[in-house]
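Here is the structure we will look at, set down as structure tokens.
Numbering starts at 1 and runs along the sequence shown. Keep in mind that this is a model prediction, so the values were computed, not measured.
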Amino acid sequence: QVQLVESGGGLVQAGDSLRLSCAASGITFSNYAMGWFRQAPGKEREFVAAIRRSGGSTLFGDLVKGRFTIARDNAKKTVYLQMNNLKPEDTAVYYCAAGATMMLPSSKSGYNYWGQGTQVTVSS
């Protein structure tokens with residue numbers, strides 16, 4: 001059974017930082033590209049960041065470039081999203097996703113498995 005479990009969300013103030021983690025089980029983690037998406041109330045789920053299987057390449061959504069970084073530890077089967085200089089518009093539920101691909105998918109269709117999400121709220 002595949003499980004992706006996100007953690008690290010919470011309530012912070014604008015300008016603060018948070019690090020999200022996503023622990024995977026039930027998959028050969030190093031065979032999967034990993035991604036982060038977010039969904040705010042009333043909005044579509046949007047791409048945030050992705051990292052290739054080896055961790056050698058990354059991709060970011062335009063709204064988070066320069067503020068967020070993504071990293072993975074294949075030995076720990078965990079992917080991280082470091083979020084700096086958070087803004088109120090970053091408030092959303094953040095989802096981790098795993099895709100059985102060598103590419104860096106930025107669309108939801110590129111991913112096979114999804115976590116349940118973790119809430120991030122940024123106050124002004």
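A salt bridge links D62 with K65: the closest approach of a Lys/Arg side-chain nitrogen to an acidic carboxylate oxygen falls below 4.0 angstrom.
Remark: D90 CG to T121 OG1 distance equals 11.0 Å, nearest 0.5 Å. Summarising the geometry, atom CD1 belonging to I27 is positioned 5.5 Å from atom OH belonging to Y32; distances are rounded to the nearest 0.5 Å. Atom OG of S57 and atom CD1 of I51 lie 8.5 Å apart (nearest 0.5 Å). Here Q3 contributes atom CD and C22 contributes atom SG; the two are 10.5 Å apart, rounded to the nearest 0.5 Å.
Among all heavy-atom pairs drawn from A98 and L4, the shortest one is N-CD1, 3.8 Å. Nearest heavy atom pair, residue A14 against residue S124, reads CB-CA, 4.4 Å. Taking each heavy atom of A33 and P105 in turn, the nearest pair found is CB-CD, 4.1 Å. What you find for S17 and Q82 is that their closest heavy atoms are CB-NE2, 3.8 Å.
The side-chain heavy atoms of T91 and V120, taken from C-beta on, include no pair separated by under 4.5 Å. Using a 4.5 Å cut-off on side-chain heavy atoms (C-beta onward), V64 and R38 make contact. The shortest side-chain heavy-atom distance between F68 and N84 does not fall under the 4.5 Å cut-off. Looking at T118 and L20, their side chains come closer than 4.5 Å, going by heavy atoms from C-beta outward. The side-chain heavy atoms of V79 and C96, taken from C-beta on, include a pair separated by under 4.5 Å. Taking 4.5 Å as the limit, every side-chain heavy atom of Q39 sits out of range of all side-chain heavy atoms of E46. The side-chain heavy atoms of M83 and Y94, taken from C-beta on, include a pair separated by under 4.5 Å. Residues L18 and L86 form a side-chain contact, since some pair of their non-hydrogen atoms from C-beta on lies under 4.5 Å apart.
Between the side chain of E6 and the backbone N or O of Q116, at least one donor-acceptor pair lies under 3.5 Å. T101 places a side-chain N or O within 3.5 Å of a backbone atom of M103 that can act as its donor or acceptor partner. Although no hydrogens or angles enter the test, the distance criterion places no donor-acceptor pair under 3.5 Å between the side chain of N74 and the main chain of S30. Judged by distance alone, with hydrogens and angles left aside, the side-chain atoms of R72 form no donor-acceptor pair with the main-chain N or O of K77 at under 3.5 Å.
The side-chain contact (heavy atoms from CB on, under 4.5 Å) test applied to T78 returns S21, A23, K76, Y80, not counting sequence neighbours.
Both V2 and F29 sit in one connected hydrophobic cluster of ILVMFWY residues. Membership requires side-chain heavy atoms under 4.5 Å apart, directly or through other members.
Hydrophobic cluster membership of F47, counting Ile, Leu, Val, Met, Phe, Trp and Tyr whose side-chain heavy atoms lie under 4.5 Å apart directly or via other members: F37, L59, V93, Y95, L104, Y111, W114.
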